[in-house]
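Predicted model only: the values in this text are computed from it and were never measured.
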Amino acid sequence: MWDRLLTNCNIATMDPAVAGAFGAIEDGAIGIQDGRIVGVGRRIDLAGYRAARVETLGGAWVTPGLIDCHTHLVFGGNRAGEFEQRLNGASYEAIARAGGGILSSVKATRLASLEQLVEEARPRLHALMRGGVTTVEIKSGYGLDTPSELKMLQAAKRLGDSEAVRVVPTLLALHALPPEHRESRDAYVELAIEDMIPAAAEAGLAVAVDAFCEGIGFTPAEVRALFHAADAHGLHVKLHAEQLSNLSGAALAAEFGALSADHLEHADEAGVAAMARAGMVAVLLPGAFYALAETRKPPVDLLRKHKVPMAIATDLNPGTSPILSPTLMLSMACTLFRLTPEEALLGMTRHAAKALALDDEVGTIAPGLAADLCVWRIGRPAELCYWIGHPGPERRIVAGEDA
């Protein structure tokens, strides 16, 4: 006997083995046992199975739980004041000279206790969860010294332990130069390689290592050294690449079999082709594109041509993407980047799972996978992209239980 049977529902499985758009099964049913999916199909075909709980969903649509595969959700303070200053005419450079910008987030993060970081981040996490997120990646990167970076990762772990959501922690080891290393850049890179990565790996606080490969960030040579260290400690790698310029970061990430390259507005065909050969995911971040008022879009047509899976994420952060709505990202992916609704929803389900090396666990409604689901009161899946900022699902189910 199954634990639970959801019936009288339409299912966007996002499973390539199910023919048709969204891998849709109309008038379907989903069987759940021990937190995992054990049956998916037409209601008539699953009618003979018994379950301790049988629930009719009244024709609602069920999708995989949404996956936000790129966030900077944990940080101290916020930069709403700087947002206001910019709109009143202050330049980013002037704000940075006055101690603002990323360094203001670094200062606030270093000063905050572990408990403060957790409780400041919790409302942001709750907003994502209300929007349908059941799995979220959380990066460090606002500590810029080993104790503060570990503190951020510990905060991410505490959030995952205390909330009905799967948290995937990433050490963003090379994000920006801290003020104390302005004149000793090499020493900071060495610190990330020789101290941060071993400490995070030994404590089991990160599953991946990330970096910002950009003219205002870190060079390909520095990233290469970092990735060698991550590989030596058994950690996945991923990269902020080609956001503001093309430093061939996507191709560099591909050399190391990275899970993803993220942003990619300036990626060229050589980089996209390298990603395709490496089996990587392109993580597109329409919230940052919007917040920064960018005009150069990521090369969606090249990604389609080379069959590189496209994920979508909020890039939730205090400076360049203060976004709390995953469904808004679905809409923006369509309106700003011209993805189809099916591509957008794949981008926050199956492809987002692949970007986190979790595609054998979540992201698709198929037997054997975790029963992480969202129940939506909509008439068709495209409505999740059509409604701008859809408030979220009627119900979230994580590991087979209402959350």
Side-chain angles (χ1 to χ4, degrees), residues 14 64 66-73 128 133 135-139 141 167-172 175 207-214 217 223 227 236-244 246-247 249-254 256-267 271-272 274-276 278-292 294 296-300 302-304 306-317 320-321 323 325-326 328-330 332-334 336-339 343-359 362-363:
M14 312 313 292
L66 300 186
I67 299 167
D68 197 347
C69 66
H70 181 133
T71 85
H72 307 253
L73 187 142
L128 296 180
V133 167
T135 298
V136 59
E137 186 244 27
I138 300 178
K139 302 179 190 293
V167 169
V168 181
T170 294
L171 172 65
L172 178 48
H175 191 195
V207 298
V209 171
D210 198 348
F212 181 38
C213 186
E214 191 54 74
V223 171
F227 281 3
H236 294 294
V237 296
K238 54 181 64 177
L239 189 63
H240 290 62
E242 270 78 277
Q243 180 184 10
L244 305 174
N246 189 336
L247 297 183
L252 170 61
F256 287 84
L259 295 176
S260 69
D262 303 27
H263 287 290
L264 295 174
E265 281 86 341
H266 289 261
V272 171
M275 291 176 63
M280 291 171 57
V281 176
V283 179
L284 308 185
L285 304 168
F289 177 88
Y290 168 82
L292 291 170
E294 294 287 354
R296 179 157 179 157
K297 300 177 183 179
V300 169
L302 283 177
L303 294 168
R304 287 175 178 146
H306 290 275
K307 296 181 172 55
V308 175
M310 292 179 284
I312 305 297
T314 63
D315 193 17
L316 167 57
N317 74 73
T320 61
S321 190
I323 302 287
S325 171
L328 180 58
M329 295 303 91
L330 294 175
M332 283 187 174
C334 295
L336 298 180
F337 295 165
R338 309 310 295 174
L339 269 65
E343 287 174 327
L345 190 54
L346 279 168
M348 293 201 86
T349 55
R350 191 173 87 226
H351 293 167
K354 182 175 173 62
L356 298 177
L358 288 177
D359 45 324
V362 293

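Here the side chains of Asp315 and His72 are in contact, with some heavy-atom distance below 4.5 Å. Residues Leu264 and Val283 have side chains not in contact (no heavy-atom distance under 4.5 Å, counting atoms from C-beta outward). Inter-residue side-chain proximity for Thr314 and Leu128 is flagged as met; some heavy-atom pair is nearer than 4.5 Å. With contacts defined as side-chain heavy-atom distances shorter than 4.5 Å, the pair Ile138/Val168 does not qualify. Here the side chains of Met280 and Val308 are not in contact, with every heavy-atom distance at 4.5 Å or above. With a 4.5 Å cut-off on side-chain heavy atoms, Leu292 and Gln243 count as touching.
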Test log, rule side chain to side chain contact (heavy atoms under 4.5 Å, CB included), inputs Val237 and Asp210: CA-CA 6 Å; Val237 296; Asp210 198 348; over 6 Å; no
Let's go through Asp68 and Leu73 carefully: what are the C-alpha distance in whole Å and the side-chain angles of both, what is the deciding distance for side chain to side chain contact (heavy atoms under 4.5 Å, CB included) to 0.1 Å, and is it a yes or a no? CA-CA 11 Å; Asp68 197 347; Leu73 187 142; over 6 Å; no
After noting the C-alpha distance and the side-chain angles of Leu66 and Leu345, does the key distance pass the side chain to side chain contact (heavy atoms under 4.5 Å, CB included) rule? CA-CA 8 Å; Leu66 300 186; Leu345 190 54; 4.0 Å; yes
Show the numbers, then the answer: is there a ring pair (Phe, Tyr, Trp, His ring centres under 6.0 Å) between His240 and His266? CA-CA 12 Å; His240 290 62; His266 289 261; over 10 Å; no
May I have the step-by-step check of side chain to side chain contact (heavy atoms under 4.5 Å, CB included) for His236 and Val209, ending in yes or no? CA-CA 6 Å; His236 294 294; Val209 171; over 6 Å; no
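Listed for the Glu265 side chain is no donor-acceptor partner under 3.5 Å among the backbone atoms of Leu244. Looking at His70, its side chain never comes within 3.5 Å of a backbone N or O of Ala313 through a donor-acceptor pair. The main-chain N or O of Leu172 is never found under 3.5 Å from a side-chain atom of Thr170 such that the two would form a donor-acceptor pair. Lys297 places a side-chain N or O within 3.5 Å of a backbone atom of Leu336 that can act as its donor or acceptor partner. Put simply, the side chain of Glu242 gets close to the backbone of Ala250: a donor and an acceptor are under 3.5 Å apart.
The heavy-atom pair separating Met332 from Pro286 by the smallest distance is CB-CB, 3.8 Å. When every heavy atom of Cys213 is checked against every heavy atom of Val223, the shortest pair comes out as CB-CG2, 4.0 Å. Nearest heavy-atom pair, Ile67 versus Ala353, reported as atom, atom and distance to 0.1 Å: CD1-CB, 3.7 Å. The two residues Ser321 and Gly287 come nearest to each other via the heavy atoms OG-C, 3.5 Å. Minimum interatomic distance between Ala253 and Phe227 (heavy atoms only, all atoms of both residues): CA-CE2, 4.3 Å.
Within 6.0 Å of CZ on Arg304 lie more than 12 heavy atoms contributed by other residues, nucleotides or ligands.
Residue His351 holds its NE2 atom at 11.5 Å from CG of Leu284, rounded to the nearest 0.5 Å. Distance CD1/Ile323 to CG/Leu285: 10.5 Å, rounded to 0.5 Å. With rounding to the nearest 0.5 Å, the separation of OG1 in Thr349 from NZ in Lys354 is 13.5 Å. The CG atom of Leu358 sits 10.5 Å away from the SG atom of Cys69 when rounded to the nearest 0.5 Å. Put simply, OG on Ser260 and CE on Met275 are 7.5 Å apart, with the number rounded to the nearest 0.5 Å. Leu346 contributes atom CG, which lies 9.5 Å from atom CG of Leu339 (distance to the nearest 0.5 angstrom).
Salt bridge annotation for Lys139-Glu137: present, with a cationic side-chain nitrogen under 4.0 angstrom from a carboxylate oxygen.
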